[in-house]
Amino acid sequence: MDMFKRVPISEQDPKVRATNFDEVCLGYTEEEAMAEASRCLQCKHHPCVGNCPVGIDIPRFIKHIAEGNFAEAAHVLAEYTALPAVCGRVCPQETQCEQKCVRGIKGEAVSIGKLERFAADWAREHNIEVGKTKEKNGFKVAVIGSGPAGITCAGDLAKEGYEVTIFEVLHEPGGVLVYGIPEFRLPKDKVVKPEIENLKKLGVKIETDVIVGRTVTIDDLMEKEGYHAVFIGSGAGLPKFMGIPGENLNGVFSANEFLTRNNLMKAYRDDHDTPIKVGKKVAVVGGGNVAMDAARTALRLGADVTIVYRRTEKELPARVEEVHHAKEEGVKFEMLTNPVEVIGDENGWVKAIRCQRMELGEPDESGRRRPVPIKGSEFDMEVDTVIMALGTSPNPLIASTTRGLEVNKKGCLVVDENGQTTREGVFAGGDAVTGAATVILAMGAGKVAARGIDKYIKEKYGEKAQA
Amino acid sequence: MFKIVEKRFLAPNIVSMDILAPRVANSAQPGQFVIVIADEVGERVPLTICDYDKEKGTVNIVIQSIGASTKKIAQFEEGDYLRDFVGPLGRPSDYVHEDLEEVKKRKYLFVAGGVGTAPVYPQVKWFKEHNIDVDVIIGAKTKELVILEDKMREVAGNLYVCTDDGSYGFSGMVTAMIEELVVNQGKHYDVVIAIGPMIMMKFVCLLTKKLGLKTIVSLNPIMVDGTGMCGACRVNVGGETKFACVDGPEFDGHLVDWDLALKRLAQYKKEEEELAKRGETKVCTCHQGGAN
């Protein structure tokens, strides 16, 4: 075995998977996982750990895998993360733990993400119970949103003995894991549901169909329903559009709408009522993971798909793995291209998207070179569907219905180093604070807030609630 | 799961249901709506709130069963459970938060079209509870589709009923009724609030603009989540893109781009027909607000 190279992982054939919604990556076998784990140098200063937003003791769980103690590996993961099977699949490991891997200096970094996934999947398939909770302390915490931030915060607090209720606006818990990330990247029944069930096993209650700010307010939860603290993990919010002419034509969708129809409402399945429109030729505007998800979903629904992005491939914010998978499956890329208008037919349907070519100029505030339009380079791309994957802006509902919550000029909630907002006892984390980011950063914020809430409640009320 | 505690027919294809949903009943205000999912495979269907009883914890919804999903919901019986019932969604009507003295100074005319009578009812009731008399027009295609007349009469100042075919009340559409009141009878109104099929609201607005009457409408575009996540419900109001679910559903009717809104409402027509062929039912949500 070449210790400088990763143990290859099996994937569905690109031609086959482009026509189904089954998971792309098939995961390591026990032998493969042990071989890959044996590549870990177990170095003393383990820089990988410092680059993990939830600080998982990576060498320790990998050592257990190398020795064939898979259950032990899962126990180590459970100390740090409520969602190892999710993170093993969707974390950008290449810019986090794996980026710092010492193996990576002379060869390929250890496949930390794939090993995490292996251990979590193995534990689930072998019914290994990983959660332990302390004795109940009688304090009540409300968690708003059941996405990665909310799940993490709720899980950590439940383990500490808190009575936690999650309020979820949609009809299924999971947040972006359910409505946003597609089945082929993150299987719902196999991976997400069991993680939610684990949370319930810790004693966390989940109330779906509750829109905080409308059905009930944070003020009500704290003043009338006796919650000692609240965590807001309400997520990303309203989809952004470009503000170009023709954007409200029929056939222009936000990636959020397209993905929600497909993933949450299961429009790709014949036995579900919600329709989805994909058209024959689709342009997806944007270059992030959401753009890749939308493009690959449209492709699987039978469309010819082109990603339109205004910078070059190097600047694509999406994970390299996702771009690679999208290309393998047949998604086309039009780089240095920016839409300026969506053109409609006489019935109000999209028939083309007018774009201009770009070139890269001086770096902007993000440090990436700013795309500049090339004069006279306009051209029309014939499409019948346009999907805008341009990010989101915060939903103002909670901030506008809660006393004393401050937002910054982007509309994101302001928090301190403990995750506490400007309102005492109200904490927040995830996209509601940072704007659209990643699953693992939201989890990290959920963890910080859980510690912040624990400290806040115990300092204010003592170790146990008064009966 | 949300229990249907009472079901009754208001017209041959219009049912009224009381749903046990204490949190929603406790928070609902005039102008807001709910989203209902019938079963495991159901769509998220936005429906208007007709009434709410905070003590019983029930919310009354009215469904015209003319589409796949509304038909499915309407087939549920007393004692059955709807899979999901979320709300209240959208912003309450403006007057709820305005200075009551200012509101009292204005003369309101409500224009209710068809099953749009249901969402008008809680608004008129709110005015009654605040000792303000408002005039109400109920318009329907024909006599048997006039709903909630008695309930409305209890809370309205003057109630005018009109039917397109003249089978009951004033003969003519709601626009003719408005002209009759304002032009022929010389009645004065400060604000018109019109709720009904989008095409009706469009024509009411064309008329009231001519008459110089400020008009509020409640838009019912296609929605998926209904909470500000998907952007399917975007409408052009005064040249700006608004999301009906979070910025609305009520807007200044004279600023709405109706032709765009009507086109967007037809966006899933083909899929709706296919769904109908699938043997279940068909979706036409022109009165209820867009499911799909």
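Sequence lines set the chain letters: A, B, ... in the order given, protein chains first and strands last, and positions in each chain run from 1.
- Across A:Lys277, A:Glu247, A:Lys266, the residue that shares the most heavy-atom pairs under 4.5 angstrom with chain B is A:Lys277.
- Taking chain B as the reference chain and counting heavy-atom pairs below 4.5 Å, the highest number among A:Gly348, A:Pro239, A:Gly243 is found for A:Pro239.
- Of the two parts of A:Tyr179, only the side chain, counted from C-beta on, holds a non-hydrogen atom closer than 4.5 Å to a non-hydrogen atom of chain B.
- Taking CG from A:Asp220 and OG1 from A:Thr217, the interatomic distance works out to 3.0 Å, rounded to the nearest 0.5 Å.
- Under the 6.0 Å cut-off for aromatic ring centres, B:Phe203 and B:Trp258 do not qualify, their centroids lying 6.0 Å or more apart.
- In this structure, the portion of A:Asn347 lying under 4.5 Å from any heavy atom of chain B is its backbone and not its side chain.
- Interface summary for chain A: among B:Arg264, B:Gln29, B:Arg91, B:Glu40, the most heavy-atom pairs under 4.5 angstrom belong to B:Arg264.
- Between chain B and the residues A:Pro396, A:Gly237, A:Ala255, the most heavy-atom pairs under 4.5 angstrom are made by A:Gly237.
- Of the two parts of A:Leu259, neither the backbone nor the side chain holds a non-hydrogen atom closer than 4.5 Å to a non-hydrogen atom of chain B.
- Classification of the A:Phe167-A:Tyr227 ring pair by plane angle, with boundaries at 30° and 60°, yields perpendicular.
- When heavy atoms are compared at a cutoff of 4.5 Å, B:Phe2 approaches chain A solely by way of its side chain, counted from C-beta outward.
- Taking CD1 of B:Ile73 as the reference point, atom OG of B:Ser65 lies at 10.5 Å (rounded to 0.5 Å).
- With a 4.5 angstrom heavy-atom cutoff, A:Glu168 does not touch chain B via any of its atoms.
- In this structure, the portions of B:Arg23 lying under 4.5 Å from any heavy atom of chain A include both its backbone and its side chain.
- Rounded to the nearest 0.5 angstrom, A:Lys200 NZ and A:Ile166 CD1 are separated by 9.5 Å.
- The choice from A:Asn256, A:Thr215, A:Leu238 that makes the most heavy-atom pairs within less than 4.5 Å of chain B is A:Thr215.
- The choice from B:Asn26, B:Asn236, B:Asp225, B:Ile37 that makes the most heavy-atom pairs within less than 4.5 Å of chain A is B:Ile37.
- Using a 30° and 60° split on the angle between ring planes, B:Tyr268 and A:Phe253 fall in the tilted class, from 30° to 60°.
- For chain A, the nearby part of B:Gln32 is the side chain; its heavy atoms alone come within less than 4.5 Å.
- Here B:Thr58 contributes atom OG1 and B:Asp51 contributes atom CG; the two are 8.0 Å apart, rounded to the nearest 0.5 Å.
- Salt-bridge formation is not detected for the pair B:Glu271/B:Lys269: no Lys NZ or Arg NE/NH1/NH2 atom is positioned less than 4.0 Å from an Asp or Glu carboxylate oxygen.
- No other option in B:Lys263, B:Met229, B:Arg83, B:Lys270 has as many heavy-atom pairs under 4.5 Å with chain A as B:Met229.
- Side-chain atoms of A:Asn250 do not come within 3.5 Å of backbone N or O of A:Trp349 as any donor-acceptor pair.
- For A:Asn395, the part lying under 4.5 angstrom from a heavy atom of chain B is the side chain only.
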Problem set entry | From CA spacing to verdict: side-chain contact (heavy atoms from CB on, under 4.5 Å), A:Val216, A:Val210 | CA-CA 7 Å; A:Val216 65; A:Val210 175; 3.7 Å; yes
